[in-house]
A.B. asks: 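Okay, handing you the structure first.
None of these values were measured; they are calculated from a predicted model. Letters A, B, ... are given to chains in the order of the sequence lines, protein chains preceding strands, and every chain is numbered from 1.
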Amino acid sequence: MEKKYPEYKQLNLSQVADEMLEVWKREKTFEQSIETRKGKEPYVFYEGPPSANGLPGIHHVMARTIKDIFCRYKTIAGFQVKRKAGWDTHGLPVELGVEKELGITKEDIGKKISVQQYNDACRKAVMRYTDVWNDLTEKMGYWVDMDDPYITYENKYIESVWNILSELYKKDFLYKGYTIQPYSPKAGTGLSTHELNQPGTYRDVKDTTIIAQFRVIQNERSNRLFENTKNEVFFLAWTTTPWTLPSNTALTVGKNIQYAEVETINQYTRKPISVILASDLVAKYFNADMEGKSASEYNGKGGVPWKKADEFSGADLVNAQYEQLLPYTLPMDNPEEAFRVIAGDFVTTVDGTGIVHTAPTFGADDARVAKVAGVPPMLVEGEGGQGIPLVDLQGRFIDQMGDLAGKYVKNEYYDAGKTPDMSVDVEIAIRLKEENRAFKVEKYVHNYPHCWRTDKPILYYPLDSWFVKTTAAKSKLIENNKKINWKPKSTGEGRFGNWLENLQDWNLSRSRYWGIPIPIWSNEDGTERIIIGSVEELKAEIKKAVDAGVMDNDPFADFEVGNMSKANYDTIDLHKHIVDDIVLVSESGQPMRRESDLIDVWFDSGSMPYAQWHYPFENKEVFEQNYPADFIAEGVDQTRGWFFTLHAIATLAYDSIAYKNVISNGLVLDKNGHKMSKRLGNAADPFETLKKYGADATRWYMITNAQPWDNLKFDLEGIVEIQRKFFRALHNTYSFFALYANVDGFKFEEDYIEVASRPEIDRWILSKLNSLVKTVSSSFDNYEPTQAGRLIQDFVVNDLSNWWVRLCRKRFWRGDYSEDKIAAYQTIYECLKTVAVLSSPIAPFYSDKLYRDLNSITANDAESVHISLIPEVNESLMDGELESRMELAQRASSLVLALRKKQNIRVRQPLGKILIPVSDETFKSKMEKVTDVILNEVNVKEIEFIDPNNELLVKQIKPNFSKLGRAYGKQMKALATLINGLSQEQIKAIEFKGELEVELEGQLITLTPEDVEIGSKDVPGWLVASEANVTVALDITITDDLKFEGLGRELVNRIQNLRKDSGLEVTDRINVKVAKNDIVQNAINYNLNYIRTETLSDNLDLVEGTLIENGVGVELEEGIDTIIKIEKV
RNA sequence: ACAGCUGUAGCUCAGUUGGCAGAGCGCUCCCCUGAUAAGGGAGAGGUCACUGGUUCGAUGCCAGUCAGCUGUACCA
């Protein structure tokens, strides 16, 4: 049997996807799409590693669709696109999952369970959902090389990361320092912002707050403050955490804030005082009624008497010194620099006093401004000589704190039943009141973070951490950012740009267990240090240590330096539980232990450009070819995550950018615009969605509905619509083609018919098609997939399916296998194939199916659409003129159809004539070229173009705003009214004489045809409609001939219905009997050949109705009945 | 609180170097019926979030406000 184009009953996208997956597997299509591009220019893509510890969600389908689109697009654009998968395997979520599973907490590690057991559990857990992920990857049609992924816990990966760290260290970009971090004393661990943002961690609590009085020391720096008062002068500063007051070393003011000096009395001691606070806040603390009253008038109620004594700017206050408020201890370093006023940009007058109590050991802002100003933190010398804060890691005051020593800073930290009546905060408040140092003490409700594990309030606590000195490379980072093409631009300039402008050093340390250990070993007092940049280096150091006797043996004895095999690397493990046992020896012969921290997991993923290739130990060439990336894409939430870490590491370690183009996509919300969450049950299941609607429709919907960087309101109804509109239109178009191509045996064997000699309609769609290739390509090139998808969709639905196919149907089912028919086949074939190629990045399954089906007979092209190349744009076929006149035809047709509707004249009833007024020759010649198209579509015999000065026409005029506006400006409104009111004669004068003088607000002005738009509104006696610049008038007279012809068409229609109802094939020939009567007889005789051709009837007999057995009664039009019978020949 | 994005028809979204606002879906009515779980026509439906400014003219430009979302921060 002869081969045919496959025909389908209906479209099932999900089934198509399954089928194509099989084919791809069998033919190794993905591998081929890379293999066949060997030697071509590479297009480098980096995969941001997901964590297989969690299940994938619908947003992953979104993110990966975007990645996939550009990789596929660049492949069919001729590039070679390798894409290596990756897995992010470290980090807190993994640890938490394991702890939950094992029923343990962090404190149990090292006690109930060894670090090794813990890490083994993590290693197993982290790849828990790998299968699910691989399944999703496959089902959604995401092409990424999953056979050889990079995995961040592998020794080779870690070794590369160590190498980067050692590079940074050598460039002096690593340092150890204190930083204030959220810390949970009861859990004994620092918390990440991620942990702090868990729901329920911020709670309203009622705390004792104090406005403390810091006594100003009078000297040359502060004389200005004493000019207008005799009282003792105090700075007022508010705190919600009185326990930090002993650690105060500075007060911070805003340079541009105005401060007032107020003479008053202390409400607790009644002593006269002068206090300094922000002018804006005076009214908040001092009652207007008491202004200017004397101290004796104070009765303990209604506020204290007061009087403004002076005003200063913040700058005036800077550097003034004050007495230490609670002199338990002095800072160990530079105490002379402490206890003075400094400036900070974060100070506001929203609450407090406009002067901020600054304790650099317990506040991040505090630490920052203090460091800038050279104010020391309140650290005292600990046992090893190192600085320690006044509060220990359990949350208790240290021994040096006298009466406070050993007390917890928060009552919540005491074990149940042991809580003292008075909290430290209250004790301090009482003491300050007694010492005339408390201006105001009150309870205050505020929002404060709590540890989500212990439920206790957290502390901001200084922890020893390793930092990457990103601030040192700030300008370089900003400069490099300008080389990156961000989509959308605003994320790069705004969110990311601002982030870089306000850059802080990157805190690398995490006191965790499952992660990449910091490869730094130090001696006891931290004076000697070594950083390890490779296993080779480590082994060399171990050997020294063993030789020196600080270590017994080499745990990596089996490892063979220089052997890059997996087996060799499997003999070692670079995780904490192993490397912590390694003790190295310093140059002076002291033992050195590893710094106990792990590094931030973000550093893991930011190292992937290098570590995925085990660079620089292996694959140097591969790395160089694949760096930097041409393209990456992830969610906006990665702006400060992966996007930043890639950028920072590239800039710091290699002075380069890591990626050239980046798309940061928005979130996938539910259909009401709410965040999806499993808890709320509004999260869409990706597998269910893909199964039910198919990956193609899901992908197409996600991409075309909203720009990738806008949030997507994910609505399943939307996918259904995409299926119905786009895929079904495309599929129907193909089915239509396949049906007739099979009948006629079209195999694209004939010579290519020159486009120039094809009919107007074909040249039109091919012009549109070439424009499409061009615009879609440039959309993809500009990383605008939404635009690309919408363009394709418009073309398929509007141009190809609803216009070209509609107008060309007859060409397929009628007549011989003529030149015209072949042209039609070649045209539609080319359109379909090109659409398949263009849409393949977005809808990889259906497009390949379509492409293969088209190829199944002609077999003249690449095996898969994903290996094919985008057809070259043939500029010579693009004809704007042609496209615009087809628009005119569409408009004219639509007008005629509207007129028919108005008169209830069905389209099958032919009509005689339409009139179209043509104002100029170009318009006329455009119209003439599409006359056939219009006549065909609207079933009218003839178009007559009439002169615009034809008396029949009633003119319509509109001002040309953009032209006149520029010339007449203010008078535009009056002019518009005037023009709209012009008479028919005046309009014609403009049109034919070329000008008209009118009076505008007492002034004579001349209107020319360019100043206005003139159209025809009406042709008296005709049915007229107009839209934009097209007007049509329809002659609705139905002559006898037209009537018979119309009936003939009705008859054809009825016969066709019967054919269809009888289940005949489109190619079956038939014999027809029709019951005789006068009108029907005329109609048939008049149209005999036409009817027979259309219906494929060998015989068409008129017989007496009584002679027809089993005929079917039909009504041709109202009052005209007959009986028809058809038989297959 | 700060920053970014968004705000156009009932819904999802286009649009405009500034010139009386569009599509699809949905809704109402009708037509068509060899693409048929399609197709065509007509209709209803808008203060282009709000306020002020620039302009002859603002949905568009400028300033501010409000709302939604996201991120960062939560600090005295």
A.B. asks: At less than 3.5 Å, do the side-chain atoms of A:Arg495 and the base atoms of B:U72 form a donor-acceptor pair?
C.D. replies: no

A.B. asks: Assign each of A:Leu667 and A:Ala237 to its nearest nucleotide of RNA chain B by heavy atoms, then name whichever residue's nucleotide is nearer the 5' end.
C.D. replies: A:Leu667

A.B. asks: Ring centres under 6.0 Å, that's the criterion: do A:Phe812 and A:Tyr825 meet it?
C.D. replies: yes

A.B. asks: Return the nearest nucleotide to the side chain of A:Val356; candidates are B:A35, B:G4, B:A76.
C.D. replies: B:A76

A.B. asks: Which value, in whole Å, describes the distance between the P atoms of nucleotides B:U59 and B:C50?
C.D. replies: 9 Å

A.B. asks: According to the interplanar angle, ranging from 0 to 90°, do the rings of A:Trp486 and A:Phe643 count as parallel (below 30°), tilted (30 to 60°) or perpendicular (above 60°)?
C.D. replies: perpendicular

A.B. asks: Take atom CD1 of A:Ile703 and atom P of B:C13, then tell me their distance rounded to the nearest Å.
C.D. replies: 13 Å

A.B. asks: Counting only side-chain N and O atoms of A:Arg806, is one of them less than 4.0 Å from OP1 or OP2 of B:G39?
C.D. replies: no

A.B. asks: Tell me which of A:Ala729 and A:Thr786 sits closer to the 5' end of RNA chain B, going by the nucleotide each one is nearest to.
C.D. replies: A:Thr786

A.B. asks: What is the distance, to the nearest angstrom, from the CZ atom on A:Arg728 to the C1' atom on B:G39?
C.D. replies: 13 Å

A.B. asks: Taking B:G46 as the reference, what is the distance to B:G22 when you measure between their P atoms (whole Å, please)?
C.D. replies: 15 Å

A.B. asks: Scan residues 713-727 of chain A against RNA chain B and write down, sorted by residue number, each residue with any heavy atom closer than 4.0 Å; if none is found, say none.
C.D. replies: A:Lys713, A:Glu721, A:Arg724, A:Lys725

A.B. asks: Measuring only the C1' atom in each nucleotide, how far is B:G53 from B:G45? A whole number of Å is fine.
C.D. replies: 32 Å

A.B. asks: With side-chain hydrogen bond (donor to acceptor under 3.5 Å, both in side chains) as the test, pick out the partner of A:His357 among A:Thr241, A:Thr244, A:Thr249.
C.D. replies: A:Thr244

A.B. asks: Is the A:Phe362 to A:Trp243 ring centre distance short of 6.0 Å?
C.D. replies: yes

A.B. asks: Measure distances between side-chain N and O atoms of A:Thr209 and base N and O atoms of B:A76, and say whether any donor-acceptor pair falls under 3.5 Å.
C.D. replies: no

A.B. asks: If we take the C1' atom in both B:U72 and B:C20, what is their distance in whole Å?
C.D. replies: 44 Å

A.B. asks: Report the C-alpha separation of A:Ser664 and A:Lys487 in whole Å, then their side-chain angles, then the decisive distance to 0.1 Å, and conclude whether the side-chain hydrogen bond (donor to acceptor under 3.5 Å, both in side chains) test is met.
C.D. replies: CA-CA 6 Å; A:Ser664 73; A:Lys487 294 300 263 188; over 6 Å; no

A.B. asks: Could you tell me how far B:G10 sits from B:A67 if I compare only their P atoms? Round to whole Å.
C.D. replies: 22 Å

A.B. asks: What's the CG-C1' distance between A:Asp794 and B:G24, to the nearest Å?
C.D. replies: 10 Å

A.B. asks: Just to be sure I understand the rule, does A:Phe737 reach a base, reach only the sugar-phosphate, or reach nothing, if contact means heavy atoms closer than 4.0 Å?
C.D. replies: nothing

A.B. asks: For RNA chain B, write out the stems as range with range, using runs of 3 or more consecutive Watson-Crick or G-U pairs with both distances under 3.5 Å.
C.D. replies: B:1-7 with B:66-72, B:10-13 with B:22-25, B:27-31 with B:39-43, B:49-53 with B:61-65

A.B. asks: Grab the CZ-C1' distance between A:Arg1054 and B:G34 for me, whole Å please.
C.D. replies: 14 Å

A.B. asks: Take atom C1' in B:A23 and the same atom in B:C61, then report the distance between them in whole Å.
C.D. replies: 26 Å

A.B. asks: Please state the P separation for the pair B:G15 and B:G52 - nearest whole angstrom.
C.D. replies: 28 Å

A.B. asks: Indicate, with yes or no, if the rings of A:Phe214 and A:Phe235 have centres closer together than 6.0 Å.
C.D. replies: no

A.B. asks: Is the gap between the ring centers of A:Tyr5 and A:Phe737 under 6.0 Å?
C.D. replies: yes

A.B. asks: Quantified in whole Å, what is the P atom distance between nucleotide B:C5 and nucleotide B:U65?
C.D. replies: 16 Å

